[in-house]
**Q** 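The structure follows.
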Amino acid sequence: MEEEEDATISRIIADLEETLTNSSSNSNHNHHHQAAPISHSTLTDLQSLLDANDPDIVFRFFDNLSSKKKFSASSLVPPISSAMDSTTTNLSLSASKVYLSLLLSPNSPVFTLFTPVAFLSLLRSIRRSLKNPQQGSSGGSNLLVRCKKKGRARGRKNIERESDGFNNDVSGFDAKMFFLVMKKLESVMGLIHLNRFPDSLKSLIQTVTEIPVLSLSLELGGGLGSYGNLIDLCGRILSKLMRSEHGSVESTAAEVLKSLTPLILMGKCQARTFALGFLSNQMMGMAKESEEIKKAVVNLPKYLVNKAPEKAEPRGLAVEAIMEIVKAMEVEDQIGFAEYTVKMSRGKANLRLIAVDLILTIMMLLRDPLGVDLDVEVENSWGFSCLEALIQRCSDSSAVIRARALSNLAQLVGFFSNDDRTTRVLKQVIESEEGEMNDLLRKRCTDEKAAVRKAALLLITKVTSLLGGSIDKFILKTMGMSCSDPLVSIRKAAITALSEASRKFSDHSVTTEWLHSVPPLITDNESSLQEECENLFLELVLDRVSRAGSTDHPHHNSKVKAKSIVGDIELAFPEGVLGLLKEICNGEVSPWMKKICTSLGKKKRLKPKIAVALQDIIRSSESIWLSHSMPIEKWTAPPGAWFLLSEVSAYLPKAVEWEFLHHHWRLLDKYGAGVEFKSSFAPEEEHGGEDGIESNSVSWAGDRVFLLQTISNVSVELPPEPAADLAHNLLKRVEGFDMHPTEVNAHVKALRTLCKRKATNPEEADMLVLKWIHQLLSKASQILEKYISEVSLANKDSNFFTPPRSTRKGKKAAKSLSEAVTAAYTIGSLVIICPTADMNSITSLLHTIITSGNSDPKLNKLPGPTVSLKQTAPSLYIQAWLTMGKLCLADDNLAKRYIPLFVQELQKSDSAALRNNLVVMMADFCVRYTALVDCYIPKITLCLRDPCELVRRQTFILLSRLLQRDYVKWRGVLFLRFLLSLVDESVKIRHLADFLFGNILKAKAPLLAYNSFVEAIFVLNNCHTHTGHNESKGSQTERQLFSIRGNDENSRSKRMHIYVSLLKQMAPEHLLATFAKLCAEILAAASDGMLNIEDVSGQSVLQDTFRILASKEIRISPSRGSSSDAAEIDEEGGGSGSAGDSVAAKGRAITQAVRKGLIQNTIPIFIELKRLLESKNSPLIGSLMECLRNLLKDYKNEIDEILIADKQLQKELIYDMQKYEPTSTSAAGAGPSTAAVATANAAAVARSVLKEVNRTPPLSSMSVPKLKTTQGGGGGSSRNDRPLHVLESLRSRKFFNSDDENE
């Protein structure tokens, strides 16, 4: 055995001798030599000796080695170190194992064998063995990146697939050997003290902290368990290094923490888990025993804060890691970090951003932030300072921080609301600063950034849930407006906030705002919003009504009475249900209610309890009324109850009782019909009753209409005999022609429904309907004919008798007129349900009415009154036009004859009500007879400038719908006339116009604004002095009507508002093209004399063009052209990746290059136009210079390049720009010193120009044009002289679209 050992030692020494000899010979030829590596066989022999762990063998080996001349124990180090630096993984690890075994061998000369160079080779060997060989020495960083990108989504199979491929490439990698090396390295740390080798210590720390990352994608033989063993081994090594024998504990701990920082800030992976676990478990334990380590650990979160990334997801992981460390700290250290975070919230933007996130997690994860358990004043708690800092960041200058702060504050409010004690404290804090909080929410709800508005709405939702009480009216209105925001996410947040307010507050203002804002979303393009709207309507409207109807009413079981009937009724129905029902039947709300009820009914989501509850409410109201001994004829059901019942009964026919309907029909028919009827076109008189209750015929009529609709809905369930009696009763009522017009349609539709549902077959139903329709038409025509005869006879009598008529005759005439109006309205209702009925005799009567008093013999074909019914009976006159319109919709031949009359009446009528109805009819004609009406569209658009706001709004809405449905095309003057609605006097019309141009047209016709922009400038200024834009479109009156001519500030601001609105709809390429068109078609035309600049309208066109070119809207901002939703809502703005950023950067570069080229081509036009304006002493020269200054202010450094073709002109232009600078600077509030500097600069440029002039030919060969100077003193003649060739060069400048301009 001993002989074998001696033989092994001899082989080792012989091989070592040969290796060292070769290294010595190589060193003679190369000064920068490296020792030859020891062979693998020698390493194997040496390892076998060392594995025996026999002190005698080790002693003999070193003794034999030292017996050789020039050899010692230190001679082993260079060849082993060289082997550790080998690129072959197996050789490198074997050498590392041998080196560490030598250090650990008994009686080993440790201080001789250990050198910093060899130790660094050992560390390099460890790192190299873990790296991908294809990556070379840089593989570690790539593995780190791969770990970051891997994230959660990467599964175990992907890791194994990568590891398998890696193992095939790395020949000889032995995981077992690697573990042995690491274990021996741990043991060596107990022998070697690195306090004398700080670089080695630092390298060791860096290597050990890299191992968890580098080994992630390796197959370590034992799977995840082996990886766990490896990182445990790394943790033990790092723990041993933080001992005093390795140097300053504080410095070592700081270096360890610094090296672990990249792991902590990584994406979620095992390496990050290791780093956080090591900190929380081992280092925190050591920190309790060592003040030096504690100091380093306490400073680590502050260090991590400054290293945290700005992107949203990695920043969130950094905050999570920081808080995991902070949670393991002592309480006083936690409070210290919270105070540091508060100070950091007032630092730079990146620090403020992460501070906002940290405050949220600190308040949620740390114990008792508001001092509830300690019974301290909330103002003295550290949590109050954090809360205050978070509120301050809600008004940060950065939109990202504002949005984040608002969102985090909302989360915080929601978190503290789960505990009663913290809720009270938080409520106290917010209420103490209620005014400031309301101001903050008002500003943030109208913030320019969508993400901020969304976060503000979320905060309002949470604060509303917390506070209760009252809500600020402005915030309430803002939430309602946000429900129509262009962004879907904002609309969702708004309806959530407003609905939460509706749950907490039952006052009328909240209910009203909710009903006016949320139900319209049933027509939203986003299906999820439609569903949310339906769900909220079920919860906040139908369920509330159902609960109110099912409660026990206090007047039934209590002797307490209210002071009035109204109070008693309100006492019977809590939760503000009566106000809710009343607002439902509001004209602006009811259309949306109908759509929602229809949608819910089709989906079978309506429950019978809602119909039962509404019946209970009506019965209870009647019962309370009678209990006060009030006359039943003055009772009306709670407003909105019959309306809602009529809508839901269509889908719940079995839930409505026939006895209930029959009772109230008899009641309403008996007393409602007895009330004196007044035409809807005449003023309604109200008669006071007891307790302020008013008997209103319109209320009775409305209730009868909804009751009849309900009866129609449930007619299938009616018994046969009551149904027949009801039909007979309805027919008699219609034949009386004494109903309110709103009731006529309901009666007629109910009659038709009863006939169709009770007939045995469809043919029988059609015969029944046609029979009573002819009966009604006959009686209606008799009434109209009788009234016309009476008017004619009265007209003849008035020619002979001048005394006034008796009162009895006046009442009879009023009743006759009322019957005639109702008869005319009834005819229209009958035509709608039966278009095939014979209307010839009625048509002639209506013709007589609408042409009465007309002097044109062609229109008076039939005998009739010579006096105009338009003057004597305006209500009948208007109703006759409406009925004639319905006849025309049913008969196309009739429409061809009468549509020109409708257009004529629309133009000349002085009745706003008639014009409004005519516009509606023309819109219907456009759908039914598109080709016939198309030529009259310009005439209809005149109503956009009608003096009545209602007519203008009605026209705008109807034409917009026709345009969206393609019944009308955007051609001719239509688009240009719509532009005036953007600056209409009515706020509602302006809002409608903004929505049309900003949302609908932008998607439907994106090129419309670009194609019509230049023409719009001429039309709005009513300019016809341009030879290319002088075609006549419409009469002079029409042109003036649709122009905003004038140079006053009001006219200019209106025109500019229109221009800006159009520019906002254009894509970047269209903005550039518009810039070029303005220069070519207006500026160049003015300089060529095609546009008369001496005319007032021509000057306005030119001035508008200057203002447009100088406006910021025509410039292309970096975010222009991107999706507004994505750009606004992505608060970080950088999550799309480097590819998207590079494309955007490339697009911006191209855009800037194109714009610069446009400006270069535009400068000659400006110079020529400037010469022309100066020759005419035009006041527009100031506007031109202001425009030119705005165009070139972004290219101050390129002015020399832009004007390189003519240095003289370049200096003159700079001089003129600087000459005008003092005026604009002082106007902007600059001090006198700024103006003086600008004047001095201008003077310096002037002197430079003069110097250039002096080099030109003699003065006798020059002309002397007059130029304005900055000083009024002498010397002007020498300064104002210009060389003749310079002035001629201005005139010879070519336009920018010339092909030879750059030659």
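Nothing here was measured: the structure is a model prediction, and the numbers come from that model.
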**Q** Identify the residue among Arg952, Arg953, Arg990 that makes a side-chain hydrogen bond (donor to acceptor under 3.5 Å, both in side chains) with Asp984.
**A** Arg952

**Q** Any carboxylate oxygen within less than 4.0 angstrom of a Lys/Arg side-chain nitrogen, looking at Lys939 and Glu1038?
**A** yes

**Q** Could you check if a side-chain atom of Lys779 sits within less than 4.5 angstrom of a side-chain atom of Gln775, using non-hydrogen atoms only?
**A** yes

**Q** Would you say NE2 of His774 has more than 12 non-hydrogen atoms from neighbouring residues, nucleotides or ligands within 6.0 angstrom?
**A** yes

**Q** When rounded to the nearest 0.5 angstrom, what is the spacing between CE in Met884 and OH in Tyr898?
**A** 4.5 Å

**Q** Ring centres under 6.0 Å, that's the criterion: do His664 and Phe660 meet it?
**A** yes

**Q** Are the side chains of Tyr787 and Glu819 in touch, meaning some heavy atoms are under 4.5 Å apart?
**A** no

**Q** Is there a side-chain contact between Ile773 and Ile833, using heavy atoms and a 4.5 Å cut-off?
**A** yes

**Q** Do Tyr936 and Pro900 have side chains that get closer than 4.5 Å, going by heavy atoms?
**A** yes

**Q** Could you check whether any side-chain N or O of Ser599 sits under 3.5 Å from a backbone N or O of Ile596, counting only pairs where one atom can act as donor and the other as acceptor?
**A** no

**Q** Examine distances only and state if a side-chain atom of Ser818 and a backbone atom of Lys815 form a donor-acceptor pair shorter than 3.5 Å.
**A** no

**Q** Take Leu992 and Leu996 through the side chain to side chain contact (heavy atoms under 4.5 Å, CB included) test and state the conclusion after the steps.
**A** CA-CA 6 Å; Leu992 289 171; Leu996 175 69; over 6 Å; no

**Q** Taking side chain as C-beta onward, heavy atoms only, is Leu963 less than 4.5 Å from Ile1000?
**A** no

**Q** How long is the span from the CD1 atom in Ile827 to the CE atom in Met839, to the nearest 0.5 Å?
**A** 7.5 Å

**Q** Nearest 0.5 Å please: distance from the OH atom of Tyr825 over to the OG atom of Ser875.
**A** 14.0 Å

**Q** Taking all non-hydrogen atoms of both residues into account, name the closest pair between Leu906 and Cys943 and its distance.
**A** CD1-SG, 3.6 Å

**Q** Tell me, with the steps shown, if Cys888 and Ile899 meet side chain to side chain contact (heavy atoms under 4.5 Å, CB included).
**A** CA-CA 8 Å; Cys888 290; Ile899 283 179; 5.8 Å; no

**Q** List the atom of Ser986, the atom of Glu949, and the distance in Å for their closest heavy-atom pair.
**A** OG-OE2, 2.6 Å

**Q** To the nearest 0.5 Å, what is the distance between CZ on Arg704 and CG on Leu708?
**A** 8.5 Å

**Q** Taking side chain as C-beta onward, heavy atoms only, is Met739 less than 4.5 Å from His747?
**A** yes

**Q** Looking only at non-hydrogen atoms, find the nearest pair between Arg752 and Val769 and report the distance.
**A** CG-CG2, 4.2 Å

**Q** Go through the side-chain N and O atoms of Glu905 and Tyr877 and say whether any donor and acceptor fall under 3.5 Å apart.
**A** yes

**Q** Take Tyr651 and Cys597, measure what side chain to side chain contact (heavy atoms under 4.5 Å, CB included) needs, and give me the verdict at the end.
**A** CA-CA 9 Å; Tyr651 305 95; Cys597 289; 5.6 Å; no

**Q** Where is the tightest heavy-atom contact between Pro835 and Ala890, given as atom of each residue plus distance?
**A** CB-CB, 3.9 Å

**Q** Quick one: does Lys749's side chain get under 4.5 Å of Gln709's, heavy atoms only?
**A** no

**Q** Identify the two heavy atoms, one from Ala880 and one from Ile849, that lie closest to each other, and give their separation to 0.1 Å.
**A** CB-CG2, 3.6 Å

**Q** Quick one: closest heavy-atom pair of Ser829 and Val744, and the distance?
**A** OG-CG1, 3.9 Å

**Q** Roughly how far, to the nearest 0.5 Å, is CG of Leu731 from SG of Cys755?
**A** 8.5 Å

**Q** Within the structure provided, determine whether Trp881 and Ser909 are in side-chain contact (heavy-atom separation under 4.5 Å).
**A** no

**Q** As a quick check of understanding, evaluate side chain to side chain contact (heavy atoms under 4.5 Å, CB included) for Phe737 and Thr826, giving each step before the final call.
**A** CA-CA 8 Å; Phe737 298 104; Thr826 304; 3.9 Å; yes

**Q** Side chain of Arg945, backbone of Leu1041: donor and acceptor closer than 3.5 Å?
**A** yes

**Q** For the side-chain contact (heavy atoms from CB on, under 4.5 Å) test, which of Val951, Asn916, Thr955, Val919 pairs with Asp946?
**A** Val951

**Q** Roughly how far apart are Asn586 CG and Phe643 CZ, rounded to 0.5 Å?
**A** 10.0 Å

